[in-house]
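This report refers to the structure that appears directly beneath it.
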Amino acid sequence: MNLECSNGSFYIRKDTMTIFVQGTVNGKKYKRSTKKKVSSEAMAKAWIKKNNHKAMDTLLDILGIDKDSDSKTVSFEDFGYRYLNATRGKRNKHTQEDYLRIFRISIVPYFNNFSWSDFDSLTLSEFYNHIREQYSYDRSKRTKNIINNILETAYDEELIKRNIVRMKTIRDHSYEPDAPNTEAYEVSEVKKMLEESEGWMKVFMELALKYGLRVGELMGLKWSDFDLERGFFKINRNITKGEIVESVNIKTNKNHLREIFMFPETIHLLKSFKNFRMSDEWIFVSKDGKPFLNSKTITDYHFKPTLEKIGVPYRTVHAMRRSYISIMTQSEQIDKKEIQKVVGHAEGSRITDKHYNLDCLNDAQKQNKAKEHGKVFNALLAIA
DNA sequence: GGTCACCCTCTTAATTTGGC
DNA sequence: GCCAAATTAAGAGGGTGACC
């Protein structure tokens with residue numbers, strides 16, 4: 001790690017008749033008092049002429065930077081930002097912003113006065129605990145990953161002598177997960193939503209509930225994605241946080257690009273909706289004829305009011321996707337691979353069970369299911 | 001109604017770990 | 001050495017509040 005210094009020089013401040021030194025260190029300009037008083041300008045000029053070659057050394061002394069020691073040349077804060085910026089290529093814009101925010105808000109203040117030699121495994125462990133007291137499991141883990149990556153890179157760059165992240169205390173550390181907090185709409189609620197909603201909300205709910213689309217996928221639907229004669233549509237893009245991204249350009253762990261065949265009643269609904277369409281291009285548009293850019297708009301001004309009207313408690317828009325998958329996985333007749341194909345999970349993914357096998361049946365439905373199980377069981381007994 | 005910024009949480013594929 | 005579970009790393013959804 002090189003120390004970059006330039007333009008070191010002395011100058012006099014006439015108001016206090018004190019000699020100051022200025023210069024640039026690692027791209028940052030500094031002006032510091034040498035605390036040397038002079039009685040006249042002429043005297044100051046003579047002193048400066050004699051000592052000017054030492055200006056940068058003087059400045060480094062005042063700043064407390066040892067130019068012979070690599071370890072003090074880059075601060076933890078500067079190095080952290082450099083690391084996050086240098087590795088930004090593998091993240092999307094929003095993730096990168098989030099990482100920078102976590103570093104700025106949670107990590108930098110805690111290690112504010114640290115030099116590299118102050119880091120050890122116990123301090124780091126203590127930091128993990130400190131974070132967990134304020135944040136969820138998820139955010140704590142994210143914060144931990146960020147600081148670990150920075151410290152490991154600092155070790156690779158020989159800024160710190162020991163690889164703290166690989167030490168026992170750190171390797172053994174893990175957070176206790178929060179209880180999952182995910183809900184789905186119950187079958188009776190789903191039925192109500194499909195039957196009692198009106199206008200474009202009916203189409204929105206139909207597509208969300210019967211095909212498990214994500215909010216961003218719904219907002220990005222265009223009429224050209226649908227082939228109503230052949231009965232299918234394609235998910236060609238996603239809209240998140242104000243940005244429209246075509247599926248082919250998405251380098252993501254969410255599989256957007258896929259083709260979905262529709263039930264006959266959905267085709268019928270879409271055909272009649274097309275006659276009253278608000279835009280020739282987009283399926284769902286705000287009042288100015290443009291697609292919704294933020295799911296929050298739909299949630300607050302359209303989705304929540306619709307639910308209130310039909311008497312269904314709000315459980316987020318995404319809960320419609322959960323409901324779809326949960327209902328479908330209740331049926332043994334439907335191959336899980338088929339469900340995964342429709343919702344865009346990877347084939348064989350355990351996610352389908354882990355996050356979506358939620359309890360969405362009422363007692364009568366459960367009793368019915370048990371009855372079906374009983375039939376199969378007894379049929380097998382009869383063969384034996 | 002609508003966007004946007006900020007912050008936090010949930011979802012998901014890929015990779016690593018560890019138990020047998 | 002295999003396979004399932006745990007971890008990692010990232011994308012996306014959601015709540016709040018300011019502003020237009």
Side-chain angles (χ1 to χ4, degrees), chain A residues 84 87-106 131-132 134-150 152 165-166 170-184 208 212-220 235 237-245 247 249-258 284-305 314-322 324-326 340 343-358:
Chain A
L84 290 171
T87 54
R88 70 182 182 279
K90 54 186 180 181
R91 291 169 214 119
N92 97 346
K93 203 180 117 203
H94 305 295
T95 308
Q96 175 70 3
E97 284 169 3
D98 199 34
Y99 277 32
L100 289 171
R101 189 158 47 233
I102 289 172
F103 185 64
R104 176 168 52 82
I105 292 168
S106 300
I131 288 297
R132 189 66 178 93
Q134 309 172 47
Y135 293 111
S136 72
Y137 171 66
D138 180 90
R139 196 130 194 97
S140 301
K141 265 201 321 183
R142 200 171 273 221
T143 309
K144 178 178 163 181
N145 291 344
I146 293 170
I147 189 163
N148 284 4
N149 285 332
I150 291 172
E152 272 212 282
V165 177
R166 292 284 141 196
I170 302 303
R171 274 187 287 119
D172 289 352
H173 179 274
S174 66
Y175 288 123
E176 195 66 34
D178 296 329
N181 184 27
T182 51
E183 282 186 296
L213 268 63
R214 301 179 176 100
V215 179
E217 293 171 343
L218 285 162
M219 297 196 300
I235 296 181
R237 68 198 67 70
N238 186 56
I239 302 181
T240 317
K241 294 177 165 51
E243 277 176 292
I244 305 170
V245 187
S247 298
N249 297 328
I250 297 176
K251 39 172 188 179
T252 170
N253 64 1
K254 304 279 193 284
N255 176 13
H256 291 292
L257 186 60
R258 58 191 193 272
F284 304 112
V285 289
S286 63
K287 61 176 181 183
D288 58 3
K290 290 179 189 158
F292 290 98
L293 295 177
N294 292 284
S295 60
K296 179 177 169 23
T297 307
I298 293 182
T299 307
D300 283 358
Y301 300 104
H302 305 282
F303 187 66
K304 278 182 185 170
Y314 170 69
R315 308 183 207 278
T316 77
V317 174
H318 198 86
M320 289 196 285
R321 177 175 166 85
R322 290 195 203 107
Y324 166 80
I325 301 175
S326 300
Q340 292 176 329
V343 298
H345 285 172
E347 195 176 308
S349 169
R350 284 169 297 111
I351 298 302
T352 316
D353 278 333
K354 189 178 168 191
H355 285 290
Y356 291 100
N357 202 357
L358 300 166

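Naming: A, B, ... by sequence-line order, numbering from 1 per chain.
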How long is the straight-line distance from [atom2] of [Y] back to [atom1] of [X], given to the nearest 0.5 Å?
| X | Y | atom1 | atom2 | result |
| --- | --- | --- | --- | --- |
| A:Ile298 | A:Ser286 | CD1 | OG | 9.0 Å |
| A:Asn294 | A:Thr240 | CG | OG1 | 9.5 Å |
| A:Leu213 | A:Met320 | CG | CE | 9.5 Å |
| A:Lys141 | A:Arg132 | NZ | CZ | 10.5 Å |

Length of the line joining [X]:[atom1] and [N]:[atom2], which is rounded to integer Å:
| X | N | atom1 | atom2 | result |
| --- | --- | --- | --- | --- |
| A:Gln134 | B:dC7 | CD | C1' | 13 Å |
| A:Arg214 | C:dG11 | CZ | P | 13 Å |
| A:Asn294 | B:dA5 | CG | C1' | 10 Å |
| A:Arg322 | B:dT12 | CZ | C1' | 13 Å |
| A:Arg139 | B:dC10 | CZ | P | 12 Å |
| A:Arg101 | B:dA5 | CZ | C1' | 8 Å |
| A:Asn238 | C:dA10 | CG | P | 19 Å |
| A:Ile239 | C:dG14 | CD1 | C1' | 17 Å |

pair A:Tyr135-A:Arg142: side-chain heavy atoms closer than 4.5 Å: no
Less than 4.5 Å apart, any side-chain heavy atom of A:Ile147 and any of A:Phe103? no
Looking at A:His302, does any N or O in its side chain come under 4.0 Å of the phosphate oxygens OP1/OP2 on B:dG1? no
Taking 4.0 Å as the cut-off, does a side-chain nitrogen or oxygen of A:Tyr135 come that near to OP1 or OP2 on B:dC8? yes
Could you list the protein-to-nucleotides 15-20 of chain C atom pairs, N/O on both sides, closer than 3.5 Å?
unit_1	atom_1	unit_2	atom_2	d
C:dG15	OP2	A:Tyr314	OH	3.2

Taking any heavy-atom pair under 4.0 Å as a contact, classify [X]: base, sugar-phosphate, or nothing.
| X | answer |
| --- | --- |
| A:Arg315 | nothing |
| A:Ile102 | nothing |
| A:Ser286 | sugar-phosphate |
| A:Thr240 | sugar-phosphate |

So does A:Arg142 reach the base of C:dA10 with its side chain, donor to acceptor, closer than 3.5 Å? yes
Testing B:dT3, B:dC8, C:dG11 for proximity to the side chain of A:Asp98, the answer is B:dC8
I want to verify a distance call: between C:dA9, B:dG2, B:dT3, whose nearest atom is closest to the A:Leu293 side chain? B:dT3
Between A:Gln96 and A:Lys144, which has a closest nucleotide on DNA chain C that is more 5'? A:Lys144
DNA chain C nearest-nucleotide lookup for A:Met219 and A:Tyr99: closer to the 5′ end is A:Tyr99
For atom NZ of A:Lys304, is the number of surrounding heavy atoms from other residues, nucleotides or ligands below 6.0 Å larger than 12? yes
Would you please name every residue forming a salt bridge (Lys or Arg N to Asp or Glu O under 4.0 Å) with A:Glu152, sequence neighbours left out? A:Arg166
